[in-house]
Number of protein chains: 2
Amino acid sequence: MYTPAEAVEETGFSLDTLRYYEKIGLLERVDRNAAGQRRFSEEDIGWLGTLRCLRETGMPIATMLRFAELVRAGDHTVPDRIKLLEEHDRQVQEQIANLIERQDYIHHKISYYRSLL
Amino acid sequence: MYTPAEAVEETGFSLDTLRYYEKIGLLERVDRNAAGQRRFSEEDIGWLGTLRCLRETGMPIATMLRFAELVRAGDHTVPDRIKLLEEHDRQVQEQIANLIERQDYIHHKISYYRSLL
DNA sequence: ATTCCACCTGGAGCGTGCTCCAGGTCAACC
DNA sequence: GGTTGACCTGGAGCACGCTCCAGGTGGAAT
């Protein structure tokens, strides 16, 4: 079990973000201690790792939410989860290709400026 | 000379965005025809191409604005422009590396889900 | 000539994803 | 037992980057 501060440390999300994710249903009702303070399970931390990966690769919250719902709905949604991740993977691939192309332009621009010195 | 519609076509920015960029000073006062309608020069279009590249690689508007000011300030700012672009290039490199790493995680996740079928 | 349609300006509004705040409860260490 | 500090909730606010709107002018094709 992780205290809120530990969960922040482990996941890299701010505490406000963790509460927000719980509020909107990205994170299922997190356990509480007697005083009502959150105690994140190992599983929560793992799931937050997945969320972090999706988020950092640009998946919108709404799509993450759909994914979360699929996960909650049980094993029969595995094919749908694959579809969702594959689609996302394509978008990540596009992002990478786009960045590399634009980076090339930036390199040319830098070279050009260097040639002026 | 390009009409607004042509500039939209050439640059991929919406007309509202072009007006916005002019308003905040990313684009220097664009020429007008007698009726006050914008006529974008070849140079404007080229500069918008640069802006598009910076924007798509995640440069914040505020930084683009600093770059625009350097460009306007004249040739003596070339070293500063190089510095700015090099710093941005590093950030783009980081983005790419990060995406590739996360993509790997996504691939593993997909493989895992496939193994369940 | 008329009917469109592109375009204008200034300013308000919006979608996303948090982030912050007030006002309060516990808990834990000294 | 007192103080400090982590945490709670509900809700407001914010940063960013556009996007839309009202109300109006001008130009171009039929």
Please determine if a side-chain N or O atom of B/R38 lies less than 4.0 Å away from the OP1 or OP2 oxygen of C/dC8.
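Indeed, a polar side-chain atom of B/R38 lies that close.
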
Who pairs with A/D89 by salt bridge (charged side-chain N to carboxylate O under 4.0 Å, His left out), at least two apart in sequence or on another chain?
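A/D89 satisfies salt bridge (charged side-chain N to carboxylate O under 4.0 Å, His left out) with no other residue.
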
Using the salt bridge (charged side-chain N to carboxylate O under 4.0 Å, His left out) criterion, which residues pair with B/R32? Sequence neighbours excluded.
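Result, salt bridge (charged side-chain N to carboxylate O under 4.0 Å, His left out) vs B/R32: B/E22.
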
Please state how far atom [atom1] in [X] lies from atom [atom2] in [N], giving the value in whole angstrom units.
{"X": "B/D31", "N": "C/dC7", "atom1": "CG", "atom2": "C1'", "value": "16 Å"}
{"X": "B/L15", "N": "C/dC5", "atom1": "CG", "atom2": "C1'", "value": "13 Å"}
{"X": "B/L54", "N": "D/dG17", "atom1": "CG", "atom2": "P", "value": "13 Å"}

If we ignore hydrogens and angles and just use 3.5 Å, is the side chain of [X] paired with the main-chain N or O of [Y] as donor and acceptor?
{"X": "B/W47", "Y": "B/L26", "result": "yes"}
{"X": "B/E101", "Y": "B/N98", "result": "no"}
{"X": "B/D44", "Y": "B/S41", "result": "yes"}
{"X": "A/T63", "Y": "A/M59", "result": "no"}

Shortest non-hydrogen contact between B/Y105 and A/G49, atoms and distance
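So the two residues come closest at OH-C, 4.2 Å.
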
If every non-hydrogen atom of B/A68 is compared with every non-hydrogen atom of B/G25, which pair is closest and at what distance?
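Here B/A68 and B/G25 meet closest at CB-O, 4.4 Å.
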
So which of residues 88-99 of chain A are in contact with DNA chain D, with a heavy-atom cut-off of under 4.0 Å?
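Residues of residues 88-99 of chain A that come under 4.0 Å of DNA chain D do not exist, since none gets that close.
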
Heavy-atom contacts under 4.0 Å between residues 4-11 of chain B and DNA chain C, which residues?
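Here the set is B/P4, B/A5.
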
Nucleotide-resolved protein contact map, nucleotides 13-30 of chain C, B/S/- at heavy-atom distance under 4.0 Å
----BBBB-----SS---

Do A/C53 and A/T50 make a side-chain contact, defined as non-hydrogen atoms from C-beta onward lying under 4.5 Å apart?
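No, too far: nothing below the 4.5 Å cut-off.
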
List for me each residue that meets side-chain hydrogen bond (donor to acceptor under 3.5 Å, both in side chains) alongside A/T77, sequence neighbours excluded, and say none if there are none.
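For A/T77, the residues satisfying side-chain hydrogen bond (donor to acceptor under 3.5 Å, both in side chains) (neighbours in sequence not counted) are A/R81.
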
